[in-house]
Student: 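Handing you a structure now.
The analysis underlying the following values was restricted to heavy atoms, covering all of them including side chains, and did not include hydrogens, waters or symmetry mates. Quantities reported herein were computed from a predicted structural model and do not represent experimental measurements. Residue numbers begin at 1 in each chain, while the letters A, B, ... track the order of the sequences.
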Amino acid sequence: RKEVEQDPGPFNVPEGATVAFNCTYSNSASQSFFWYRQDCRKEPKLLMSVYSSGNEDGRFTAQLNRASQYISLLIRDSKLSDSATYLCVLVYNFNKFYFGSGTKLNVKP
Amino acid sequence: GAVVSQHPSWVICKSGTSVKIECRSLDFQATTMFWYRQFPKQSLMLMATSNEGSKATYEQGVEKDKFLINHASLTLSTLTVTSAHPEDSSFYICSASGARGTNEKLFFGSGTQLSVL
């Protein structure tokens with residue numbers, strides 16, 4: 001079983017739509033969680049950390065549900081520039097990083 | 001923020017040659033560095049994890065004699081693709097962790113596109 005499972009998509013949404021991605025994980029001892037964004041042929045870049053209390057950064061909201069072992073990313077009012085692949089990452093034992101396979105988002109005009 | 005420098009960005013080489021890719025942490029000591037590769041339209045695939053001064057740990061299916069990893073210092077790790085063949089053509093990315101106060105965060109190099117003719 002994979003450490004992290006993520007729907008590869010693609011999610012095709014119109015501009016202005018709200019879209020959400022989930023990532024499930026198998027190791028309940030996982031300590032930290034992050035969402036990264038990767039543009040085509042570029043390196044992944046940290047989008048935001050994920051906390052149990054939830055955190056928001058502008059149009060982006062990240063949530064962690066430890067009981068059900070998943071994390072989520074919500075994007076409101078989608079922009080064309082949001083088109084990218086979104087990767088969830090979890091950290092175990094402080095130095096073991098596990099990546100989801102990435103969810104591709106296409107925002108259409 | 002922490003910066004990881006990776007070069008070269010592009011490599012085109014003949015089949016059978018070896019290619020070295022460098023990954024440097026510029027403003028922090030990277031206790032752990034990771035090497036990934038990514039084929040077109042696919043996700044990142046972790047190849048190996050290296051800790052400074054010790055042998056790299058390779059993921060299942062990755063040939064350690066084919067992909068030589070050296071992490072001799074806290075700021076430099078290298079990946080050498082030995083006797084490269086066209087099927088090794090891919091996008092290779094390194095990442096590093098260990099920045100002070102950000103041990104759990106990963107910082108990525110900009111990637112190397114390898115094309116083997």
Student: So which atom in B:Gly109 and which in A:Glu43 form the shortest heavy-atom distance, rounded to 0.1 Å?
Tutor: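 Looking at all heavy atoms of both residues, the shortest contact is O-CB, 2.8 Å.
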Student: Does any donor atom in the side chain of B:Gln38 or A:Gln38 lie under 3.5 Å from an acceptor atom in the other side chain?
Tutor: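 There is such a pair (donor and acceptor under 3.5 Å, judged by atom type) between the side chains of B:Gln38 and A:Gln38.
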Student: Is there a path of hydrophobic side-chain contacts, each under 4.5 Å between heavy atoms of I/L/V/M/F/W/Y residues, joining A:Tyr70 to A:Leu90?
Tutor: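 Hydrophobic grouping puts A:Leu90 apart from A:Tyr70.
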Student: Identify the two heavy atoms, one from A:Pro44 and one from B:Phe108, that lie closest to each other, and give their separation to 0.1 Å.
Tutor: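 Closest approach of A:Pro44 to B:Phe108: O-CD1, 3.4 Å.
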Student: Using non-hydrogen atoms and a 4.5 Å limit, figure out which bit of A:Thr85 sits close to chain B: side chain, backbone, both or neither.
Tutor: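 Neither part.
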Student: Looking at chain B, which one of A:Arg41, A:Gln6, A:Lys42 has the largest number of heavy-atom pairs inside 4.5 Å, strictly under?
Tutor: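 Ranked by heavy-atom pairs under 4.5 Å with chain B, first place is A:Arg41.
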Student: Do B:Met45 and B:Val116 sit in one hydrophobic cluster, given that two such residues count as connected whenever their side-chain heavy atoms are within less than 4.5 Å of each other, even indirectly?
Tutor: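 Yes, one cluster joins them.
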Student: Show the nearest heavy-atom pair for residues B:Leu44 and A:Phe99, with the distance to one decimal.
Tutor: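 Here B:Leu44 and A:Phe99 meet closest at CD1-CE2, 4.0 Å.
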Student: Take a 6.0 Å sphere around CD1 of B:Ile12 and say whether it holds more than 12 heavy atoms from other residues, nucleotides or ligands.
Tutor: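 No, not enclosed.
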Student: For the residue pair B:Leu106 and A:Tyr36, establish whether any side-chain heavy-atom pair is separated by less than 4.5 Å.
Tutor: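 A side-chain contact under 4.5 Å exists here.
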Student: Surrounding NZ of A:Lys45 (heavy atoms of other residues, nucleotides or ligands, distance under 6.0 Å), is the total greater than 12?
Tutor: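 No - once you tally the heavy atoms of other residues, nucleotides and ligands closer than 6.0 Å, there are 12 at most.
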Student: Is it the case that one hydrophobic cluster holds both B:Ile93 and A:Leu46, taking links as side-chain heavy atoms less than 4.5 Å apart, direct or via other members?
Tutor: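 Result: yes, single cluster for both.
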Student: Same cluster or not: A:Met48 versus A:Leu74, using hydrophobic residues (I, L, V, M, F, W, Y) connected whenever any side-chain heavy atoms lie under 4.5 Å apart?
Tutor: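 Different clusters: A:Met48 never reaches A:Leu74 through Ile, Leu, Val, Met, Phe, Trp or Tyr contacts under 4.5 Å.
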